[in-house]
There are 2 protein chains.
Amino acid sequence: MPTRDDPWLALLTRAANPSPDPSPDPKQQRSRQRKQELLAAATRIFARDGIAKAKMADVAKEAGIAVSSIYDYYPSKEALAYEIPIQRLAQLYDAFLQQAAALPTMRDRLALFLTMTADHARENPDWARLLYLEIWPSVLIEEARVRRSVDDFGRIIVAMIREGARRGEWSADLDPHRTATILMGSITHMLITWLLYRRPHDLAAATGPMVDQLMGMLDRGVGL
Amino acid sequence: MPTRDDPWLALLTRAANPSPDPSPDPKQQRSRQRKQELLAAATRIFARDGIAKAKMADVAKEAGIAVSSIYDYYPSKEALAYEIPIQRLAQLYDAFLQQAAALPTMRDRLALFLTMTADHARENPDWARLLYLEIWPSVLIEEARVRRSVDDFGRIIVAMIREGARRGEWSADLDPHRTATILMGSITHMLITWLLYRRPHDLAAATGPMVDQLMGMLDRGVGL
DNA sequence: CACCAATTCCGAATATTATTCGCTTTTTAT
DNA sequence: ATAAAAAGCGAATAATATTCGGAATTGGTG
């Protein structure tokens with residue numbers, strides 16, 4: 001059980017509880033549910049056509065409401081699209097937070113985090129398409145909540161690498177940022193090729209060996 | 001000097017000479033030059049605003065021509081954007097082809113390829129922004145030339161890893177695709193964070209250690 | 001040099017699609 | 001039962017990519 005004051009744990013806890021949507025929550029129950037349905041419909045359409053090419057008319061039809069009603073919930077197409085990654089990323093962080101507590105070493109936790117990331121994408125491919133192919137690399141995102149939600153991913157990995165070094169699980173000479181770049185880059189690249197080409201064919205089976213190979217790099221302090 | 005029939009060399013040679021633009025080359029000299037100027041102007045505007053948000057009016061102004069004239073050269077905004085990566089990627093492959101010949105081992109060649117990729121992005125940041133942040137991950141690209149140009153990157157690395165294993169430079173048990181994913185993912189992720197946040201601050205200085213750490217993984221057959 | 005045909009160039013329509021507006025219907029609270 | 005608030009919608013509006021028709025420019029040829 002990690003102690004309360006591990007920096008990585010504090011970071012993770014904050015990431016699992018993102019600042020709420022600043023737009024006022026709809027008053028009526030019906031409407032709050034509609035808002036979620038609309039988000040789900042938008043996720044499907046945006047994943048199918050890409051954010052830029054997707055038409056609001058298609059989103060409206062998928063959600064079963066009028067086009068102009070969309071604007072009662074979200075101020076623009078962009079805002080609608082950018083709302084998508086935040087909730088599910090927070091779910092991932094939260095689920096990891098629960099499961100990580102049971103593991104004794106940072107090595108195991110780091111491996112779990114990478115594995116859960118891949119599994120999460122595999123289980124929510126529409127969401128993953130939007131996140132990894134459109135939103136993550138987007139130059140255009142200025143909205144702070146989205147930026148933070150995505151950036152937290154890197155921060156969590158860096159903090160875990162630091163903590164593992166502090167505990168002596170691997171060499172303290174490994175540059176944490178460089179190592180985090182390798183871990184994140186490898187996993188996201190695997191996911192991107194899977195989303196684009198369905199290679200590897202069996203993502204679930206490929207994730208284990210990938211994580212092993214990456215963790216092996218940490219264990220042996222390669223490249224120093 | 002590699003022998004003529006190395007598969008990786010054949011692949012690289014083809015990649016360095018992409019199939020030409022299928023649209024007819026303009027007849028007049030003036031026009032051929034305009035076409036290049038237009039592409040350069042579009043690169044700047046698209047890198048600044050993103051492809052989706054960039055206005056054809058801005059591209060036209062930057063190029064010093066009328067909006068409608070753009071359509072005399074490229075059939076659509078998309079086609080204009082997608083033409084950008086192809087030429088420079090081919091330049092990169094070609095430059096690597098020249099320099100690789102002087103190196104004795106696949107290990108050195110692979111390291112050079114990764115290094116040159118990072119340098120190429122650093123020297124052409126506008127182009128790199130478009131390629132790595134917008135075009136590479138795009139769901140939407142159906143045009144075969146662009147797809148191939150980008151996919152060649154992965155194919156070249158896989159082929160080099162295979163050739164190195166064949167020569168006994170590293171263990172034949174390393175899965176080439178998985179290892180290629182790690183190499184590509186790490187380098188492109190480093191470039192993406194540099195393009196988005198200018199981290200690492202000094203990309204040129206960070207590239208060497210990154211490549212060393214990655215090559216160390218190959219040398220020692222980590223993760224098996 | 002003068003002319004023609006091909007090419008290049010452009011301003012003004014056209015089409016598509018995100019967004020706004022004003023009104024109607026539904027819900028909630030008293 | 002009623003009024004106020006909220007949610008919903010069809011019809012304008014606006015921004016902008018693309019098309020069109022003709023004017024200007026160029027390169028070749030007698």
Over how many whole Å does the gap from [X] atom [atom1] to [N] atom [atom2] extend?
{"X": "B:M56", "N": "C:dT17", "atom1": "CE", "atom2": "C1'", "result": "17 Å"}
{"X": "B:L38", "N": "C:dC10", "atom1": "CG", "atom2": "P", "result": "12 Å"}
{"X": "A:I70", "N": "C:dA18", "atom1": "CD1", "atom2": "P", "result": "9 Å"}
{"X": "A:K35", "N": "D:dG8", "atom1": "NZ", "atom2": "P", "result": "12 Å"}
{"X": "B:D49", "N": "D:dA15", "atom1": "CG", "atom2": "P", "result": "17 Å"}
{"X": "B:Q33", "N": "C:dT8", "atom1": "CD", "atom2": "P", "result": "13 Å"}
{"X": "A:L80", "N": "C:dT19", "atom1": "CG", "atom2": "C1'", "result": "14 Å"}
{"X": "B:D58", "N": "D:dA17", "atom1": "CG", "atom2": "C1'", "result": "13 Å"}

Test your reading of the model: is there a side-chain donor-acceptor pair from [X] to the backbone of [Y], 3.5 Å cut-off?
{"X": "B:K55", "Y": "B:A60", "result": "no"}
{"X": "A:Q213", "Y": "B:R178", "result": "no"}
{"X": "B:R109", "Y": "B:L103", "result": "yes"}
{"X": "A:R129", "Y": "A:R48", "result": "no"}

ask   = Pick the nucleotide of DNA chain C nearest each of B:G64 and A:A57; which residue has the one closer to the 5' end?
value =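 Result of the comparison: B:G64.
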
inquiry  = Let me spell it out: for each of A:D72 and A:K55, pick the nucleotide of DNA chain C with the closest heavy atom. Which residue's pick is nearer the 5' end?
reply    =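 Taking each residue's closest nucleotide, the earlier one in sequence belongs to A:K55.
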
Under-4.0 Å side-chain N/O to phosphate OP1/OP2 contact, B:S68 with C:dC10 =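 The answer is no; no side-chain N or O of B:S68 sits under 4.0 Å from OP1 or OP2.
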
message = Between A:Y73 and D:dG8, is there a contact of a side-chain N or O with OP1 or OP2 at under 4.0 Å?
response =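 Yes.
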
message = Evaluate B:R155 against B:D152 for salt bridge (Lys or Arg N to Asp or Glu O under 4.0 Å), listing each step before the verdict.
response = CA-CA 5 Å; B:R155 292 199 198 95; B:D152 277 339; 2.8 Å; yes

query = Hey, does B:A60 reach any base, or is it just sugar-phosphate, or nothing, if we go heavy atoms under 4.0 Å?
reply =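 No contact.
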
request  = Between D:dT18, D:dC9, C:dC10, spot the one nearest the side chain of B:V67, thanks.
outcome  =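 Out of D:dT18, D:dC9, C:dC10, the nucleotide with an atom closest to B:V67's side chain is D:dT18.
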
Of the listed nucleotides D:dA17, D:dC9, C:dA18, the one nearest the side chain of B:Y71 =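 Nearest to the side chain of B:Y71 among the choices is D:dA17.
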
